[in-house]
Amino acid sequence: MALEVPSELEKEIDDRITHYPVSRRSAVLPVLHALQHHFGFISEDSVEWAAAKLELEPIKVLEVVTFYPGFRQSAPGKYHIRVCRTLSCAMAGSYELMDSICKKAEIDRSGVTHHDPIAVSNDGKFSIEFAECLASCGTGPVCLVEDDFHEAVTDVDALLSQYK
Amino acid sequence: MSQIKYIAGKEPHANETRVIFKNVDRESWDPSIETYLQDGGYDQQKKAFQMEPGEITAEVKTAGLRGRGGAGFPAGLKWSFLPPNNDKPVYLICNADESEPGTFKDRYIIHQDPHQLIEGMAISCFAVGANLAYIYIREEFPEGAQILETAIAEAHRKGFLGKDILGTGFELEIYVHRGAGAYICGEETGLIESLEGKRPYPRIKPPYFPAAMGLYLCPTIVNNVETLCHVKHIIGMGGENWSKTGTPNNTGTRILCVSGDVEKPGYFEVQVGKVTLGELINDMCGGLKAGRKLKAVIPGGSSAKVLRADETFKLGKDDDAKEISIWDIPMDFDTLAACGSMAGSGGVIIMDDSRSMSWVINNLNNFYAHESCGQCTPCREGSLWMKKITDRVVAGKAAPSDIDQLDAVARNIDGRTICAFGEAASWPTESFVAKFRDELIADTNPELEDAFVNAEALTAAANLK
Ligand SMILES: Cc1cc2nc3c(=O)[nH]c(=O)nc-3n(C[C@H](O)[C@H](O)[C@H](O)COP(=O)(O)O)c2cc1C
Ligand code: SF4
Ligand code: FES
């Protein structure tokens with residue numbers, strides 16, 4: 001196994017696992033979140049590592065990775081953007097927002113599919129995908145950049161210039 | 001209470017009754033336990049922990065609290081479904097997945113008033129005998145998850161969680177569990193599977209009613225964030241008094257979230273049934289945008305059936321029967337059900353006459369096609385068909401008979417699936433077709449009607465992804 005998990009991260013993961021005294025398997029999502037947060041995406045090695053950690057068959061981890069839109073299997077840009085696509089935000093202009101971010105950040109979404117929803121900018125700085133309703137429908141259009149939440153986004157320059 | 005000051009520009013509307021949202025947008029308020037304690041925080045937990053667990057459930061029943069997550073099921077009744085003489089552990093799960101499009105209320109409780117939720121959960125756990133509880137929070141609330149974990153640690157340090165709480169011998173741990181971006185994790189049995197570390201495939205009921213066989217196949221109570229917060233106030237006010245707010249069988253306050261084509265979208269905590277849709281739109285949200293007319297309203301989250309602006313609704317029976325317009329609908333569970341829709345999650349989406357209904361239903365069908373878990377054929381295939389047909393409608397590449405096909409596909413989903421996502425996915429289409437049929441048909445192309453015998457048209461249709 002090639003994955004190098006820093007001891008601090010492993011400690012954090014071990015601590016998370018204690019939150020599930022009844023079943024270690026319950027910790028699949030938190031373990032994957034911790035790995036994705038650190039490595040940027042879930043690699044095959046990460047799947048193997050998580051499976052070994054939780055004493056599971058790797059397929060039990062992989063089936064989770066492939067189901068949930070929140071886990072990705074390839075590297076995103078330095079800053080990953082998720083634009084809400086659903087009705088209230090769409091009425092407030094989220095498709096237009098998506099277009100202008102892509103234009104500004106030079107992202108080509110033409111290759112995007114259901115199973116491969118993320119597009120990365122030419123310089124690798126930004127990646128983007130649509131998300132479904134982010135539970136802030138009254139302040140659309142909204143998006144997440146990494147863990148930062150942005151509401152009523154109209155000025156794309158101002159949005160992107162926060163990320164160096 | 002009367003001295004509470006709110007942040008300038010974010011003051012509650014005069015029609016509001018702030019109970020759950022008392023501290024939302026409050027001036028000099030923060031989510032720390034010190035602030036919460038200075039405001040009488042955890043007093044209701046102290047009071048409840050002096051009561052018998054059964055008394056708490058009885059108060060919740062007297063209050064008539066109905067679930068705020070979507071189905072409006074009476075919370076006290078749900079709790080009493082826990083098996084008697086049970087020797088397995090009991091779990092409580094707070095559903096903080098907040099993923100029904102149009103809904104944005106739990107977000108504010110979690111971010112601004114986390115201790116209210118923890119106190120409500122502690123009381124509820126004491127009532128149902130749960131020593132381990134989880135908050136299942138959607139992954140897209142990373143800051144919210146952090147705030148909750150900080151709040152839980154604070155409550156621990158002050159002795160409101162942990163071992164021997166308040167000297168009662170009662171023990172409780174609450175953990176935060178983050179989802180990973182799937183709507184179906186809001187469905188309670190899908191949520192439980194997800195919490196077990198699996199794909200969130202909903203379980204079939206019967207037999208898998210969570211109260212009987214939930215997390216780790218043990219009795220489990222799943223309640224929405226807002227529902228659990230109300231438990232605290234029911235203890236504070238007493239069930240009888242609490243039930244005097246709102247209207248009979250639709251008691252208490254609830255948060256309505258308004259989005260779409262109004263001047264001032266936002267969240268409003270109102271007494272259930274005391275505010276009409278017209279008051280909500282015109283008085284509380286500043287009305288429609290200038291020069292625009294109301295066209296349609298989705299009153300309870302995207303899964304609720306749409307209401308058309310010019311519809312009238314017959315309420316009551318026989319001599320008491322009356323006909324009301326959309327403006328006069330009181331926003332409560334029973335009336336919205338009688339109007340053929342539902343109060344659902346409290347998400348009210350307003351559409352004006354600038355909106356194409358084909359475009360709207362297509363947007364929603366994209367959502368459901370993306371979010372079906374794929375276990376049941378009618379739901380998995382049907383949601384994709386509905387998306388594809390409406391993709392064609394908005395592209396002007398559908399034939400008029402496609403609208404009948406669309407309707408037939410929808411009607412073949414609901415009632416034929418494992419979980420209520422089937423209804424959630426098909427009701428929007430069924431209702432948009434029923435109420436805006438002419439408009440949908442007007443967006444189709446009659447020349448494509450014989451697409452199956454017309455090679456050119458067939459190719460045109462097939463070229464659509
Ligand atoms: C497809 C689907 C999605 C749901 N999403 C949510 C949700 O995001 N939040 C929620 O509280 N309940 C949601 N529910 C309802 C839950 O299954 C469950 O009824 C609710 O959490 C119970 O809490 P309550 O009785 O306090 O409302 C959903 C139901 C379905 C069928
Ligand atoms: S109804 Fe749809 S979401 Fe629910 S279990 Fe079946 S396929 Fe999954
Ligand atoms: S529709 Fe975008 S946050 Fe709900």
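Lettering of chains follows the sequences in order, A, B, ..., and the numbering in each one begins at 1. Every value quoted in this text rests on a predicted model; they were computed, and no experiment measured them.
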Q: Without swapping roles, check the side chain of His33(A) against the backbone of Gly179(B) for a donor-acceptor pair under 3.5 Å.
A: yes
Q) Tell me, side chain or backbone of Tyr108(B) under 4.5 Å from chain A's heavy atoms, or both, or neither? A) side chain
Q. Donor-acceptor pair, Asn363(B) side chain versus Arg85(A) backbone, under 3.5 Å?
A. yes
Q. Which bit of Asp106(B) comes within less than 4.5 Å of chain A, counting heavy atoms only: side chain, backbone, both or neither?
A. neither
Q: For each of Ala369(B), Pro200(B), Gly260(B), tally heavy-atom pairs with chain A at distances under 4.5 Å, and name the one with the top tally.
A: Pro200(B)
Q | N-O pairing of Glu196(B) and Lys60(A) below 4.0 Å | A | no
Q | Side-chain donor or acceptor of Ser26(A) paired with backbone N/O of Leu195(B) under 3.5 Å | A | yes
**Q.** Side chain, backbone, both or neither of Glu371(B) within contact of chain A (heavy atoms, under 4.5 Å)
**A.** side chain
Q.
For Glu143(B), which atoms come within 4.5 Å of any heavy atom of chain A: side chain, backbone, both, or neither?
A. neither
Q.
For a ring-ring contact (aromatic ring centres under 6.0 Å, His included) check, start with the C-alpha distance between Tyr20(A) and His177(B), then their side-chain angles and the critical distance, and finish with the verdict.
A. CA-CA 10 Å; Tyr20(A) 306 93; His177(B) 182 91; 5.5 Å; yes
Q. Is there a side-chain contact between Thr139(A) and Phe104(B), using heavy atoms and a 4.5 Å cut-off?
A. no
Q | Heavy-atom proximity to chain A below 4.5 Å, by part of Thr103(B) | A | backbone
(Q) Does any backbone or side-chain atom of Pro89(B) lie under 4.5 Å from a heavy atom of chain A? Answer side chain, backbone, both or neither. (A) neither
Q: Determine whether the side chains of Tyr68(A) and Ser194(B) contain a donor N or O and an acceptor N or O closer than 3.5 Å.
A: yes
Q: Below 4.5 Å from any heavy atom of chain A, which atoms of Tyr175(B) appear? Answer side chain, backbone, both or neither.
A: side chain
**Q.** Toward chain A, the part of Tyr216(B) with a non-hydrogen atom under 4.5 Å
**A.** side chain
Q. Is Arg82(A) reaching over with its side chain to a backbone N or O of Glu140(B), donor-acceptor style, under 3.5 angstrom?
A. no
(Q) Please rank Val64(A), Asp147(A), Leu87(A), Leu144(A) by heavy-atom pairs under 4.5 Å with chain B and give me the top one. (A) Leu87(A)
Q | Proximity breakdown for Val176(B) and chain A, heavy-atom pairs closer than 4.5 Å | A | backbone
**Q.** Structural part of Leu132(B) lying under 4.5 Å from a heavy atom of chain A
**A.** side chain
Q: With a 4.5 angstrom heavy-atom cut-off, could you sort out which part of Val360(B) is near chain A: side chain, backbone, both or neither?
A: both
Q: Any chance you could measure Tyr136(B), atom OH, to Leu29(A), atom CG, to the nearest 0.5 Å?
A: 5.5 Å
Q | salt bridge (charged side-chain N to carboxylate O under 4.0 Å, His left out) evaluation trace for Glu149(B) with Arg16(A) | A | CA-CA 12 Å; Glu149(B) 290 195 330; Arg16(A) 289 263 157 211; 2.8 Å; yes
Q) With distance as the sole test, does Arg107(B) use its side chain to make a donor-acceptor pair with the main-chain N or O of Leu134(A) at under 3.5 Å? A) yes
Q: Check whether more than 12 heavy atoms from other residues, nucleotides or ligands sit under 6.0 Å from atom CD of Glu263(B), and answer yes or no.
A: yes
(Q) What's the separation between atom NZ in Lys198(B) and atom CZ in Arg25(A), rounded to the nearest 0.5 Å? (A) 5.5 Å
(Q) If you apply the rule side chain to side chain contact (heavy atoms under 4.5 Å, CB included), what do you find for Cys373(B) with Phe67(A), and how did you get there? (A) CA-CA 9 Å; Cys373(B) 87; Phe67(A) 184 92; 4.0 Å; yes
Q) Given a strict heavy-atom distance threshold of 4.5 Å, which part of Tyr134(B) is in contact with chain A: side chain, backbone, both, or neither? A) side chain
(Q) Would you compute the distance between atom CE of Met91(A) and atom CG of Asp352(B) and round it to the nearest 0.5 angstrom? (A) 8.5 Å
